[in-house]
Amino acid sequence: AIDYFQHSLALYQSVNFLSGVLAATNNLAVIFRLRGDYQQAWESFQEVLKHRLAQGRRKNVASVMVNLGFTATGLGKPNDAHQYFAESYTIAMEIGAPTTALVALVGLAELKALAGDPITAIEVVSFALAHPTTGADVSKYARPILERISTDLEPDQVAAAFERGQQLT
């Protein structure tokens, strides 16, 4: 996949097609993040964000900010992650992008867990999973985080927190 997106990036750059360059760079950044190369992902997402902000495409900005939030979490920068998740959530709510808002909430929940509050984190993740607009995009972020959060808790604690979160929808 990396070779494909790098080839696409080179082609788009050769013809100065900015939308293609940004899409390929964003896709490469996602792959870098998923592979654990958080620094490369950070640099790539920052480049995409700079252009998306200049274009004024708020939905794209919110999406890139979510990715920067997860990347900052991977880099061990919880304050940066919180800033990006919170800003992404705000933009997503303003423009009516519920999937992006829910993914941002999942990211904030992960930060809660990392800060020592796994119960609240489970409630928030459960809310996101139970939300009527939730689909595969939210689940692919929420389920692995829920599994990580749950490992150090008693099953009855997890079940109770999950139930409370679902009741919030």
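For the single chain, residues carry numbers from 1 onward in sequence order.
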Quiz prompt | side-chain hydrogen bond (donor to acceptor under 3.5 Å, both in side chains) partners of T73, counting only residues at least two apart | solution = none
Quiz prompt | Side-chain donor/acceptor of S44 to backbone N/O of Q40, under 3.5 Å | solution = yes
Quiz item: Can you find a side-chain donor-acceptor pair between T120 and D117 that sits under 3.5 Å?
Solution: yes
Quiz item: Got a sec, which residues hit salt bridge (Lys or Arg N to Asp or Glu O under 4.0 Å) with E87, two or more places apart in sequence or on another chain?
Solution: none
Distance-only criterion, 3.5 Å: show the donor-acceptor pairs between side-chain atoms of residues 9-32 and protein atoms not counting sequence neighbours.
| unit_1 | atom_1 | unit_2 | atom_2 | d |
| --- | --- | --- | --- | --- |
| S14 | OG | L11 | O | 2.7 |
| T25 | OG1 | V21 | O | 2.7 |
| N27 | ND2 | A23 | O | 3.2 |

Practice problem: Report yes if some heavy atom in the side chain of L153 is under 4.5 Å from a heavy atom in the side chain of I119; otherwise report no. | Solution: yes
Can you list, pair by pair, the side-chain donor-acceptor contacts under 3.5 Å of residues 161-169, counting residues two or more places apart and other chains?
| unit_1 | atom_1 | unit_2 | atom_2 | d |
| --- | --- | --- | --- | --- |
| E163 | OE2 | Q167 | NE2 | 2.9 |
| R164 | NE | E123 | OE2 | 2.5 |
| R164 | NH2 | E123 | OE2 | 2.9 |
| T169 | OG1 | Q166 | O | 2.9 |

Quiz prompt | R33 side, atom CZ; N67 side, atom CG - distance, nearest 0.5 Å | solution = 5.0 Å
With a 3.5 Å cut-off and sequence neighbours excluded, list the donor-acceptor pairs that the side chains of residues 89-113 form with protein atoms.
| unit_1 | atom_1 | unit_2 | atom_2 | d |
| --- | --- | --- | --- | --- |
| T90 | OG1 | A86 | O | 3.0 |
| E94 | OE1 | R58 | NH2 | 2.3 |
| E110 | OE2 | R148 | NH2 | 2.6 |

Practice problem: Just do the side chain to side chain contact (heavy atoms under 4.5 Å, CB included) check on L129 and L146 with the steps written out, would you? | Solution: CA-CA 10 Å; L129 287 169; L146 182 61; 4.2 Å; yes
Quiz item: Between CD of Q46 and OG1 of T71, what distance do you get to the nearest 0.5 Å?
Solution: 9.5 Å
Quiz item: With the 4.5 Å side-chain cut-off for hydrophobic clustering, are L68 and L34 part of the same group?
Solution: yes
Self-check item: ring-ring contact (aromatic ring centres under 6.0 Å, His included) involving F5 - partner list, sequence neighbours excluded
Solution: none
Practice problem: Check side-chain hydrogen bond (donor to acceptor under 3.5 Å, both in side chains) between Q39 and all other residues, then give those that pass, not counting sequence neighbours. | Solution: E43
Quiz item: Can you list every pair that meets ring pair (Phe, Tyr, Trp, His ring centres under 6.0 Å) and has a residue in residues 94-146, with sequence neighbours left out?
Solution: F70-Y141, F127-H131
Exercise. Apply side chain to side chain contact (heavy atoms under 4.5 Å, CB included) to F85 and M65, showing your working.
Key: CA-CA 7 Å; F85 287 135; M65 285 184 169; over 6 Å; no
Practice problem: Only pairs at least two apart or in different chains count here, so list each salt bridge (charged side-chain N to carboxylate O under 4.0 Å, His left out) that has a residue in residues 3-22. | Solution: none
Quiz item: With E47, which residues qualify under salt bridge (Lys or Arg N to Asp or Glu O under 4.0 Å), at least two apart?
Solution: K50
Self-check item: Contacts of E147 that satisfy side chain to side chain contact (heavy atoms under 4.5 Å, CB included) - sequence neighbours left out
Solution: none
Quiz item: If you look only at pairs with a residue in residues 39-63, which of them pass as a ring pair (Phe, Tyr, Trp, His ring centres under 6.0 Å), with sequence neighbours excluded?
Solution: W42-Y84
Quiz item: Is there a path from I145 to V124 through hydrophobic residues (I, L, V, M, F, W, Y) whose side chains come within less than 4.5 Å of each other?
Solution: yes
Quiz item: Given the rule that I, L, V, M, F, W and Y join up when any side-chain heavy atoms are under 4.5 Å apart, are L75 and V48 in one cluster?
Solution: yes
Self-check item: Sub-4.5 Å side-chain heavy-atom contact between I122 and S150
Solution: yes
